[in-house]
Amino acid sequence: MMHTTNFMKLNKTFTTVIGAMTLTASLAGCYGQPLSTREKGTLVGTGVGAVGGAVVGSAVGAPLAGAAIGGVAGGATGFAVGNHIQNEQHGD
C-alpha cells in the first residue's frame with residue numbers, strides 16, 4: 001500500500017520531469033534553422049540533465065532545484081561535447 005505522501009512525491013516528480021521535457025521540446029521547436037552539432041549537444045544535454053536532476057532532486061525533496069541544477073550542468077556538458085564534435089567535423 002502506497003502512502004499518500006509517497007504518491008504526492010511521485011506525482012510532483014512526474015510533473016517536474018514532464019515540465020522539463022516540454023520546455024526543452026518547446027525551445028527546440030522555436031528554432032527555425034537546422035540545429036548545428038553544438039546546438040544539438042546543448043539541447044540534449046540540457047534535457048537529460050534536467051530530467052536526471054529532477055529525479056535525483058525528488059529523492060531529497062527538491063525536484064525543481066534538482067531540475068534547474070541538472071539542466072545547467074547538462075547544458076554545459078552537452079555544449080562542450082557538441083562543440084568538440086563540431087570542431088572535429090570541420091577540422092578545427
Side-chain angles (χ1 to χ4, degrees):
M1 184 169 136
M2 187 179 282
H3 296 292
T4 304
T5 55
N6 289 340
F7 179 73
M8 291 176 67
K9 280 184 179 181
L10 182 62
N11 191 22
K12 188 175 181 181
T13 300
F14 181 72
T15 302
T16 303
V17 168
I18 294 299
M21 291 171 58
T22 302
L23 178 62
T24 302
S26 296
L27 290 174
C30 292
Y31 198 80
Q33 301 173 5
L35 297 175
S36 70
T37 303
R38 181 181 302 122
E39 293 163 338
K40 287 177 191 175
T42 303
L43 184 64
V44 169
T46 301
V48 170
V51 170
V55 171
V56 172
S58 70
V60 295
L64 294 177
I69 293 167
V72 170
T77 303
F79 173 82
V81 171
N83 187 50
H84 176 73
I85 291 170
Q86 186 168 325
N87 288 341
E88 290 291 318
Q89 289 172 343
H90 294 106
D92 294 342

For Gln86 and Thr37, which heavy atoms make the closest approach, and how far apart are they?
OE1-N, 3.5 Å
Kindly list each side-chain donor-acceptor pair under 3.5 angstrom involving residues 74-83, sequence neighbours excluded, with atom names and distances?
unit_1, atom_1, unit_2, atom_2, d
Thr77, OG1, Ala73, O, 2.9
Asn83, OD1, Arg38, NE, 2.8
Asn83, OD1, Arg38, NH2, 2.9

Donor-acceptor contact below 3.5 Å, side chain Ser36 vs main chain Glu39:
yes
Other than Val72, what residues sit in its cluster of Ile, Leu, Val, Met, Phe, Trp and Tyr side chains whose heavy atoms are under 4.5 Å apart, directly or through others?
none
